[in-house]
Participant: 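Provided herewith is a single structure, encoded as structure tokens, for subsequent inquiry.
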Amino acid sequence: MTADPIETQTESGRPADSNSGLMHANAALLVAKAIQLGATMGALVILMRRLTPADFGIAALALVVPEIVTTIHQFGIPSALMRHSVLSQNTVRRCLRVSARKNAWCLSVVVLGGALLAGIYDISELGLYALAMAPAVFLCGVSSVYRGILENQFRFGVVAVSQAGAPLVSAALAVAASFYFQSAFPLILQSASDLLVRAAFWLGYGVPAARRLPLRAQSDTEVFEDVTRFGRELTWSKVVRSAVNMLDRLVVGLITTPTGLGFYTAARRWSNLPVQEVHLATLHPSVAWLVRSGSNDMDFRSSVRMSTVFPMILAIPACAWLFLEAPTVVETVFGNAWLGVVPLFRVLLVAAVCRLPVMLMSQVYYSEGRSREQLRWTWFEAAVFSAAILLGALGDERTVAFAYAGISVALAPIGVYYAAQGSRAKFSDLIVPWCVIMTYSSVAFGCSAFGRDRLSGFGSDVIMALISAAIFLVAFFLLMLVTWSFSGLRKTVLGRHP
């Protein structure tokens with residue numbers, strides 16, 4: 001493999017300047033994620049004014065099968081490729097053949113699913129929209145192999161550009177199309193073009209990177225077998241997790257009104273947003289960094305703490321402030337009609353914060369290749385969550401939310417403890433940073449609530465929310481700055497890193 005400056009190894013096996021490399025990669029991907037969310041939300045506002053609710057309904061039906069397929073169409077290959085320091089063109093070609101074969105099945109599923117839905121709902125456009133989405137799904141799935149090569153070489157700047165550029169291009173195309181087509185076509189165009197632009201970025205930068213790899217390596221067969229095994233088990237984990245994530249909404253839809261289902265669905269989506277988006281943006285850089293952390297166990301444990309503290313510092317304070325200002329945020333952003341979502345939103349925020357350590361342990365599973373253990377935990381977690389959700393279904397959407405939150409709190413330490421068994425990382429490597437950041441956030445929450453109460457009536461609800469955010473941030477970072485000046489606490493949280 002050709003040398004990259006960021007991959008230059010120190011004597012201990014750790015990448016040179018690894019701290020700054022991880023921070024730069026995380027920062028780039030978080031900026032890209034912010035651009036992605038901004039472009040998507042901005043286009044949505046315009047499209048909602050240009051198109052009818054019926055157009056959105058047809059697009060939602062047309063995208064059901066493609067959205068399910070795109071959760072698995074990479075088949076874990078990019079994540080598996082990140083784990084190996086020695087790749088060859090031969091291994092890449094074999095991975096491409098496997099990916100092409102499996103994505104051909106995905107293409108068939110999208111086409112047949114669209115035809116089936118067109119027959120069930122008697123909407124002929126669904127079949128045509130499926131035909132438009134199928135090539136995009138296929139190309140994006142196959143080209144993701146090259147994304148794995150880029151991430152293997154720690155070129156997350158290119159990945160960030162693709163994540164930011166694709167939503168911008170697709171949003172612009174959809175808005176432009178909405179002036180010419182008063183149908184669901186602009187929404188389908190947005191989804192298809194997003195996948196195609198990502199594929200173009202990965203191919204444009206990944207193909208030259210693959211050509212610079214050696215033609216063959218002694219470990220080709222071993223690497224390929226590990227990639228296929230890891231990818232298969234990771235895909236099953238995603239399938240099981242996706243099924244459980246849909247179960248609570250299906251149950252709520254059976255036991256309550258459409259309005260209650262709308263409130264619950266919105267609360268689940270918004271409460272997961274800070275945690276999920278930060279986790280997804282920082283996952284692959286953290287995995288690539290942990291793979292390069294060397295054979296020393298203490299270095300690896302320190303790397304785990306460093307790679308988890310950053311997303312915790314972003315996600316936990318955001319959730320704490322949203323819990324405090326939920327009524328103002330919901331009313332300002334979504335309107336008075338959505339105020340009924342606030343109680344559910346707050347309950348599910350607690351669940352999201354407690355699930356964060358378990359989500360972050362996935363980077364340890366990935367970096368150590370322990371996909372089988374992760375799959376076992378996913379099956380266990382799915383069974384427990386399913387039982388809790390069905391028990392909560394004896395009431396209404398509120399009891400389902402409390403059941404989901406309660407089991408999230410109970411499973412958090414169990415999940416981290418299980419992941420630490422057989423790993424170089426220890427239970428304390430995630431729990432200690434989580435407890436410290438939670439303590440900081442709790443103190444900042446109290447300061448913000450006290451300041452808001454004292455300044456009540458100073459301005460509108462929006463002004464008060466901004467003031468409470470300022471108080472929260474000042475209290476949080478001042479507390480962190482003061483306490484981390486003591487090297488003992490800093491080493492407790494970050495391990496051996498200075």
Side-chain angles (χ1 to χ4, degrees), residues 25 29 32-33 36 65-84 87-89 91-110 133-167 169-170 191-211 213 223-224 226-239 241-242 280-288 291 362-363 366 369 371:
L29 290 172
K33 184 66 69 174
Q36 175 185 351
V65 178
E67 286 181 355
I68 293 174
V69 170
T70 52
T71 62
I72 63 171
H73 73 153
Q74 298 182 9
F75 297 100
I77 293 176
S79 299
L81 290 175
M82 278 195 302
R83 299 183 49 251
H84 296 280
L87 295 178
S88 70
Q89 295 184 34
T91 300
V92 172
R93 282 194 296 268
R94 296 176 72 179
C95 290
L96 282 171
R97 285 196 292 268
V98 171
S99 181
R101 185 171 63 250
K102 292 184 176 181
N103 273 283
W105 283 102
C106 291
L107 185 148
S108 302
V109 169
V110 171
M133 287 295 302
V137 171
F138 176 83
L139 288 173
C140 187
V142 174
S143 63
S144 67
V145 173
Y146 291 105
R147 173 187 171 176
I149 295 171
L150 294 171
E151 291 174 338
N152 177 276
Q153 298 177 0
F154 221 85
R155 296 179 63 185
F156 285 98
V158 175
V159 178
V161 171
S162 70
Q163 289 186 355
V169 173
S170 61
S191 297
S193 59
D194 183 88
L195 295 176
L196 289 173
V197 173
R198 289 175 191 269
F201 270 106
W202 298 340
L203 289 170
Y205 287 93
V207 170
R211 288 175 177 170
L213 296 173
V223 170
F224 178 73
D226 180 76
V227 167
T228 53
R229 176 196 61 80
F230 184 91
R232 181 175 59 253
E233 292 167 351
L234 183 59
T235 300
W236 273 110
S237 294
K238 289 183 177 181
V239 169
R241 195 174 296 115
S242 298
L280 291 177
T282 59
L283 174 61
H284 284 189
S286 298
V287 172
V291 169
S362 61
Q363 64 195 34
Y366 286 13
S371 53

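The figures here come from the full heavy-atom set of this structure, side chains too, leaving out hydrogens, waters and symmetry mates.
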Participant: In sequence, state the C-alpha distance, the side-chain angles, and the governing distance for F201 and V159, and then conclude on side chain to side chain contact (heavy atoms under 4.5 Å, CB included).
Facilitator: CA-CA 8 Å; F201 270 106; V159 178; over 6 Å; no
Participant: Begin from the C-alpha positions of W202 and S162 and carry the test side chain to side chain donor-acceptor pair (under 3.5 Å) through to its verdict.
Facilitator: CA-CA 8 Å; W202 298 340; S162 70; 3.3 Å; yes
Participant: Is the side chain of S170 donor-acceptor paired with the backbone N or O of A166 at a distance under 3.5 Å, no angle test?
Facilitator: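 A pair under 3.5 Å: yes.
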Participant: Could you check whether any side-chain heavy atom of L139 comes within less than 4.5 Å of a side-chain heavy atom of L195, counting everything from C-beta outward?
Facilitator: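 They are not in contact (no side-chain heavy atoms under 4.5 Å apart), so the answer is no.
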Participant: Just wondering, do R198 and R147 contact through their side chains at under 4.5 Å, heavy atoms?
Facilitator: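 Of all side-chain heavy-atom pairs linking R198 with R147, none is under 4.5 Å.
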Participant: From M133 CE over to L107 CG, what is the distance, rounded to the nearest 0.5 angstrom?
Facilitator: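 It comes to 11.0 Å.
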Participant: Taking side chain as C-beta onward, heavy atoms only, is T70 less than 4.5 Å from C140?
Facilitator: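 In short, these two side chains do not touch, never coming nearer than 4.5 Å.
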Participant: For A210 and V92, which heavy atoms make the closest approach, and how far apart are they?
Facilitator: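 For A210 versus V92, the nearest heavy atoms are CB-CG1, 4.5 Å.
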Participant: Can you give me the closest heavy-atom contact between A136 and A192, atom names plus distance?
Facilitator: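 What the structure gives for the nearest pair is CB-O, 3.7 Å.
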Participant: Search all heavy atoms of L150 against all heavy atoms of A209 and return the closest pair with its distance.
Facilitator: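 Closest approach of L150 to A209, heavy atoms only: CD2-CB, 4.4 Å.
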Participant: Check whether any side-chain N or O of H73 sits under 3.5 Å from a backbone N or O of V137 as a donor-acceptor pair, and report yes or no.
Facilitator: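 Pair found, side chain donor or acceptor close to backbone of V137.
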Participant: Are any non-hydrogen side-chain atoms of L81 and I77 less than 4.5 angstrom apart?
Facilitator: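 Side-chain contact under 4.5 Å: yes.
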Participant: Considering only heavy atoms from C-beta outward, does the side chain of F138 approach that of S143 to under 4.5 Å?
Facilitator: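 Answer no - side chains too far apart.
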Participant: How would you list all residue pairs meeting salt bridge (charged side-chain N to carboxylate O under 4.0 Å, His left out) that involve residues 67-82, not counting sequence neighbours?
Facilitator: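 Matches after skipping sequence neighbours: none remain.
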Participant: Sub-3.5 Å donor-acceptor pair from the side chain of Q89 to the main-chain atoms of L213, do we have one?
Facilitator: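 A pair under 3.5 Å: yes.
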Participant: Under 4.5 Å between any side-chain heavy atoms of P66 and V110, yes or no?
Facilitator: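 Touching, per the 4.5 Å side-chain cut-off.
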Participant: Hey, does V98 have a side-chain heavy atom less than 4.5 Å from the side chain of F75?
Facilitator: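 No - every pair of side-chain heavy atoms lies 4.5 Å or more apart.
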Participant: Identify the heavy atoms of S99 and V145 that sit nearest to each other, and give their distance.
Facilitator: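 So the minimum-distance heavy-atom pair works out to CB-CG2, 3.9 Å.
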Participant: Count the heavy atoms belonging to other residues, nucleotides or ligands that lie under 6.0 Å from OH of Y205, then report whether that count exceeds 12.
Facilitator: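 Not more than 12 within 6.0 Å, no.
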Participant: In Å and rounded to the nearest 0.5 Å, what is the CZ to CG distance from R101 to L96?
Facilitator: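 Answer rounded to 0.5 Å: 12.0 Å.
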